[in-house]
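Some notes on the structure that comes next.
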Number of protein chains: 2
Amino acid sequence: MLEQFKIHIKKFAEVSDAEFSEIGAYFQPQSVKKKENLLAEGEVCKANYFVVKGILRKFFINEKGVEHTTEFAIENWWMTETFAYLNQSPSEFYIQAVEPAELLVIHRSRYEDLLRNHPLMEKYFRCIYQKAYGATQMRIKFHYEHSREELYHHFRTREPQFLQRVPQYLIASYLGFTPEYLSEIRKKSIS
Amino acid sequence: MLEQFKIHIKKFAEVSDAEFSEIGAYFQPQSVKKKENLLAEGEVCKANYFVVKGILRKFFINEKGVEHTTEFAIENWWMTETFAYLNQSPSEFYIQAVEPAELLVIHRSRYEDLLRNHPLMEKYFRCIYQKAYGATQMRIKFHYEHSREELYHHFRTREPQFLQRVPQYLIASYLGFTPEYLSEIRKKSIS
DNA sequence: CGGTCTCTTGACGGAGTTCAAAGCTAGTGG
DNA sequence: CCACTAGCTTTGAACTCCGTCAAGAGACCG
């Protein structure tokens, strides 16, 4: 479990085995069942999750009671409510397991110690967030550029893994439309 | 000019005057006129811009020839095509001055030297990107949660400065709808 | 097997786009 | 300092994508 994390760190920053064993001590393993919540709306977000295995999603519930999934995290991705994690303010999102998942957790209270004591982790997280920010820009571009139907076809070709692992109604929710409309698109593309 | 940047850095990381004078040497000042392009689609993005004064926007042109503004940057914000800057790949966006602007520029070729020689800048940029990423998550949430009309009213109350400084058709473009529809919304809210 | 999720179907309505044209504003040069 | 032009904003009519509602058909789990 930690081994996989070490490999991931090494993609962005150099780390010796000795230093990694110290770093590893800041993290705790955690298992979650399908549909289990790691964070609920209104709670203070105390943890940042590294996904070793499984899928997490982040969603919120609008005033009509409809869920909107804004993000998925699979193997080797980080998941947290960044804003609430940083400011220790009440979360506007839920975080939930889509599949049973194995996680590494860094608590907010230890995050700054980790960064202070291991400057390579500053670099690591700088790279992670820089990349995540860049990816988000491209995602926003896609939403401006394409119709709902095009978003689905793009998602389908770019992320086929998700179609296998995530139910349709969550994909519709992530792409920003209704399950009914997704069903209509699917019908069209079969015939 | 550098003074303003120093104040900004100090919000996120400690820096002595001696070290800052070394850091400042990595940056170059640049002035741009209104409507001048800093980056065009297809170019490799070689620079990251810190806005000292003025407004920049990032936009792309879709297959029908319509511009979509995806981001504004005002005083004390950073602007670049993050993905193309990191990978030195052709940019999918333009970056342009909305108002005449004063900038500090860090070239891609010196970015990694800066980070290597001044670890506090790792921390600074980690904080900047983490915050930017969190803000983008909230922006995405807003797009899922609200109608176009609501987006406008929210933008209007949250960012009144922009309404003064940015023409309507760019605001419409940023919010993801047509100038015609913005005009209709405005008419409704006056009467 | 029984019940609760999940996916599909179809009718209808409305938010927002498209197109075309006219009115307005601001910058530029003479 | 005015006149001209290009760029920006408004208007209105027709149209379309997609949401809503309601009901039925599968699929999965205990």
Side-chain angles (χ1 to χ4, degrees), chain A residues 33-37 55 57 59 61-69 72 94 96-100 142-156 162-191, chain B residues 32-37 54-55 57 59 61-69 72 94 96-100 142-156 162-191:
Chain A
K33 291 178 207 153
K34 191 171 170 172
K35 302 227 169 183
E36 191 177 333
N37 280 345
I55 303 185
R57 72 177 178 121
F59 67 98
I61 300 179
N62 70 12
E63 72 284 357
K64 289 178 187 161
V66 178
E67 288 185 8
H68 291 269
T69 300
F72 291 112
Y94 294 78
Q96 191 181 75
V98 175
E99 287 179 353
F142 249 86
H143 276 261
Y144 279 92
E145 199 167 15
H146 299 292
S147 69
R148 304 274 213 266
E149 187 170 352
E150 287 167 334
L151 288 180
Y152 172 71
H153 290 302
H154 182 261
F155 184 79
R156 191 177 128 96
F162 280 93
L163 291 189
Q164 307 298 327
R165 297 169 70 180
V166 176
Q168 307 285 346
Y169 73 99
L170 287 184
I171 289 172
S173 168
Y174 175 72
L175 294 174
F177 49 74
T178 59
E180 291 94 329
Y181 186 56
L182 176 53
S183 188
E184 197 180 320
I185 294 171
R186 281 162 53 83
K187 191 171 130 194
K188 259 200 277 184
S189 50
I190 295 165
S191 59
Chain B
V32 278
K33 293 178 208 155
K34 191 170 168 172
K35 300 226 170 184
E36 193 176 332
N37 277 346
I55 303 186
R57 70 177 180 121
F59 68 97
I61 299 179
N62 72 10
E63 74 281 357
K64 289 180 187 162
V66 178
E67 289 184 6
H68 291 269
T69 300
F72 291 112
Y94 296 79
Q96 191 182 76
V98 175
E99 287 178 355
F142 248 87
H143 275 259
Y144 278 93
E145 197 168 16
H146 298 292
S147 69
R148 304 274 212 268
E149 187 171 351
E150 288 167 333
L151 289 181
Y152 171 71
H153 288 302
H154 181 259
F155 184 77
R156 189 177 129 98
F162 279 94
L163 292 189
Q164 307 298 325
R165 296 170 70 180
V166 176
Q168 306 286 342
Y169 75 99
L170 288 184
I171 289 172
S173 169
Y174 175 71
L175 294 174
F177 49 75
T178 60
E180 292 92 330
Y181 186 56
L182 176 52
S183 188
E184 197 180 318
I185 294 170
R186 281 162 52 83
K187 193 170 127 194
K188 258 199 277 182
S189 48
I190 294 165
S191 57

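Throughout, protein chains are lettered first and strands after them, A, B, ... in sequence-line order, and every chain is numbered starting at 1.
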- With distance as the sole criterion, is a donor-acceptor pair present between the side chains of Asn62(A) and Glu145(B) under 3.5 Å?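 Per modelled atom types, Asn62(A) and Glu145(B) side chains form no pair under 3.5 Å.
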Nearest-Å distance for atom pair [atom1]/[atom2], residues [X] and [N]:
X         : N       : atom1 : atom2 : value
Leu175(B) : dT17(C) : CG    : P     : 11 Å
Ile185(A) : dC18(D) : CD1   : P     : 7 Å
Lys34(B)  : dA26(C) : NZ    : C1'   : 9 Å
Leu151(A) : dC18(D) : CG    : C1'   : 13 Å
Glu63(A)  : dT20(D) : CD    : C1'   : 15 Å
Lys188(A) : dG10(C) : NZ    : C1'   : 15 Å
His68(B)  : dT17(C) : NE2   : P     : 10 Å
Tyr152(B) : dT17(C) : OH    : C1'   : 19 Å

- Message: Checking Tyr152(A) against Phe177(A) for the ring-ring contact (aromatic ring centres under 6.0 Å, His included) test, could you report, in this order, the C-alpha distance in whole Å, the side-chain angles of both residues, the deciding distance, and whether it holds?
- Response: CA-CA 10 Å; Tyr152(A) 172 71; Phe177(A) 49 74; 7.1 Å; no
- Compare side-chain N and O positions of Ser147(B) against OP1 and OP2 of dA15(C) and report whether any pair is under 4.0 Å apart.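 Looking at the OP1 and OP2 atoms of dA15(C), neither is under 4.0 Å from any side-chain N or O of Ser147(B).
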- Item | Base-contact (B) and sugar-phosphate-only (S) positions in nucleotides 7-13 of chain D, heavy-atom cut-off under 4.0 Å, - elsewhere | -SSBBS-
- Between Arg148(A) and Leu175(A), what is the shortest heavy-atom contact and its length?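 Reported closest heavy-atom pair: CD-O, 4.3 Å.
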- Mutual orientation of the aromatic rings belonging to Tyr174(A) and Phe155(A) [parallel < 30°, tilted 30-60°, perpendicular > 60°]: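 If you compare the ring of Tyr174(A) with that of Phe155(A), the planes turn out tilted.
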- Query: Relative to Phe59(B), does Arg57(B) satisfy both conditions: NZ or CZ under 6.0 angstrom from the six-membered ring centre, and within 45 degrees of the ring's axis?
  - Reply: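 Positive - Arg57(B) is close enough to the ring of Phe59(B) and near enough to its axis.
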- Task: Apply salt bridge (Lys or Arg N to Asp or Glu O under 4.0 Å) to the pair Arg165(B) and Glu99(B), showing each step before the final yes or no.
- Result: CA-CA 8 Å; Arg165(B) 296 170 70 180; Glu99(B) 287 178 355; 2.8 Å; yes
